[in-house]
Amino acid sequence: MAPINFENNIKNKLDERRLKPSTDAWDKLSERLDNQDKKNNKKPYWWLGLAASIVGVLFVVSQFLNNETQVNEAPKIVDTQEIIQEKETNIIAAENEIFEDVKDANVKVGKETTKKIETLKLVSPKEKKAFVASVNERKIISKEKTNAIAATAELPKKPVTFEEQKIQDVVAQVQYLKNENKVITDADIEALLEEAQKEIMLNRLYNGTTGVVDAIALLQDVEAELDQSFRSKVFEALKSSYKSVKTAVAQRND
Amino acid sequence: MKNNRNHQINPFLKVIQLHKNESVLIKKAIKNNREAQHVLFEMHAPKMLSICRYYIKDIHKAEEAMLNGFFKVFTNLKSFKNEGSFEGWIRRIMVRESISFLRQEKHIEFPVEVIEYKNDYSNNIKTEIEVAEIQQLIDALPEGYRMVFVMYAIEGYKHHEIAELLKITEGTSKSQLFKARKMLQEKIKKLNKLSYGTN
């Protein structure tokens with residue numbers, strides 16, 4: 001207990017003690033506080049300068065990076081084009097090689113099919129015409145539908161095939177003739193269709209870029225013609241029956 | 001009678017007035033009003049120098065530590081949240097500043113020399129002598145003992161707080177206090193023997 005009493009005693013006595021600081025104590029402190037205030041006032045300008053310099057550096061770096069990316073992008077495009085061109089030529093070359101192989105292998109078969117085509121042409125020219133007309137009509141209708149859909153929905157444009165282009169040309173020519181002469185005969189339409197059909201066939205069979213006739217396409221075309229012959233016969237029969245009925249009705253009054 | 005009543009109420013009003021004045025001064029001092037800072041300094045500096053003197057034997061160095069403490073007080077016055085007393089807040093800053101000052105000065109240890117400021121103890125001669133003797137006893141303690149003893153016995157810190165501030169363990173703090181007390185008792189006994197011998 002003795003030390004605690006002693007400690008309380010000295011605590012009380014020391015608490016009451018006051019030591020007067022030296023006369024220049026406040027002046028020293030005041031001077032230090034003034035210096036601190038000056039530093040604090042300078043700080044914002046310093047920070048502003050630093051911020052401005054950082055912004056400047058960032059701007060320059062961003063500009064530099066943008067230029068770099070543009071420079072990097074350009075050769076990439078060139079490279080890909082070259083690769084595509086190379087690929088295309090390789091593919092064409094490969095196709096030609098394959099075609100030549102196939103050509104050699106199908107020489108005999110090709111001769112036989114060409115004979116068949118010639119015989120078909122000789123045997124049924126009317127049937128063929130009718131078939132061509134019907135096919136073209138269907139194509140025109142489908143094209144009109146697709147045009148209408150494209151006009152209303154404004155879908156992204158697809159690459160126009162040669163056939164579609166020809167159909168459009170034929171339709172345009174018919175429209176033109178209608179506007180000019182107002183009377184279009186079936187013969188005119190048939191002539192236009194036949195011409196278009198010939199061009200389509202030629203385009204299918206003959207590759208303009210390579211200058212090679214596609215034997216496979218030729219075979220497929222002949223097969224399609226054989227398939228369509230029945231339909232064309234039916235069409236022809238219906239047409240002829242309609243004509244006979246028409247003449248009968250016309251002759252009835254006579 | 002009226003004058004007597006006013007005389008009785010006045011001390012209480014004075015305390016309120018002082019507190020109001022102090023909070024007004026603090027608000028002004030936060031805005032770097034040098035005059036307000038000066039008044040606050042004059043109000044608290046004698047007490048704070050006495051506290052710094054508990055730890056630092058040299059009064060000039062104690063004053064240097066006190067000025068460092070006041071510099072921190074005025075530059076960090078915004079962080080004072082009026083939760084405790086302003087004096088208590090300054091006092092804690094002074095203790096920390098004295099400890100860090102001693103840490104910095106440790107490598108340049110000067111010989112112990114007790115300086116008496118007779119003008120400062122002019123209020124009560126009896127107390128002056130006693131306080132001077134107490135300070136001499138504390139100054140005679142080794143630095144570690146002195147810091148722990150002053151913080152525990154006079155400032156009222158707990159062992160875990162002392163351990164945290166001095167970066168020592170609680171066990172070290174307790175042993176330092178024990179040794180300081182023992183040393184002080186021996187010194188008091190010697191002092192008593194001497195005083196009895198003289199009387």
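Naming: A, B, ... by sequence-line order, numbering from 1 per chain.
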### Task
Mind listing the closest non-hydrogen atom pair of Gln37(B) and Leu33(A) along with its distance?
OE1-CD1, 3.5 Å
### Query
Does a side-chain heavy-atom distance below 4.5 Å link Leu14(A) with Val150(B)?
no
### Summary
Honestly, the part of Asp15(A) sitting under 4.5 Å from a heavy atom of chain B is both
#### Entry: Parallel, tilted or perpendicular, as decided by the 30° and 60° cut-offs, for the rings of Phe41(B) and Trp26(A)
tilted
### Task
Take Gln36(A) and Thr75(B) through the test side-chain hydrogen bond (donor to acceptor under 3.5 Å, both in side chains) and record every step on the way to the result.
CA-CA 8 Å; Gln36(A) 183 67 18; Thr75(B) 49; over 6 Å; no
### Query
Side chains of His38(B) and Ser30(A): does their closest heavy-atom pair fall under 4.5 Å?
no
### Task
Kindly give the heavy-atom pair with the smallest separation between Lys28(A) and Leu67(B), and that separation in Å.
CD-CD1, 4.0 Å
### Message
Using only atom types and a distance under 3.5 Å, with no angle test, would you say the side chain of Glu63(B) pairs donor to acceptor with the backbone of Ala25(A)?
### Response
no
### Per-residue contact mode, Met66(B) against chain A (heavy atom under 4.5 angstrom)
side chain
#### Entry: Value rounded to 0.5 Å, distance of CG in Asn35(A) from CZ in Phe71(B)
8.5 Å
### Task
Heavy-atom distances under 4.5 Å only: say whether Glu155(B) touches chain A with side chain, backbone, both or neither.
neither
### Straight-line distance of Lys47(B) NZ to Leu19(A) CG, nearest 0.5 Å
10.0 Å
### Task
Check whether any side-chain N or O of Arg18(A) sits under 3.5 Å from a backbone N or O of Pro46(B) as a donor-acceptor pair, and report yes or no.
no
### Crowding at CD, Glu31(A) (>12 non-hydrogen neighbours, <6.0 Å)
no
### Task
Dump the intermediate steps for side chain to side chain contact (heavy atoms under 4.5 Å, CB included) on Arg17(A) and Ile134(B), then the final yes or no.
CA-CA 11 Å; Arg17(A) 187 179 72 173; Ile134(B) 291 161; over 6 Å; no
#### Entry: Other residues, nucleotides, ligands: >12 heavy atoms within 6.0 Å of Glu164(B) CD
no
### Message
Taking side chain as everything from C-beta outward and backbone as N, CA, C, O, which of these in Tyr54(B) sits under 4.5 Å from a heavy atom of chain A? Side chain, backbone, both or neither.
### Response
both
### Query
What residue, out of Ile51(B), Leu184(B), Asn68(B), has the most heavy-atom pairs lying under 4.5 Å from chain A?
Asn68(B)
### Message
Looking at Arg181(B) and Glu7(A), is any side-chain nitrogen of the basic one under 4.0 Å from a carboxylate oxygen of the acidic one?
### Response
yes
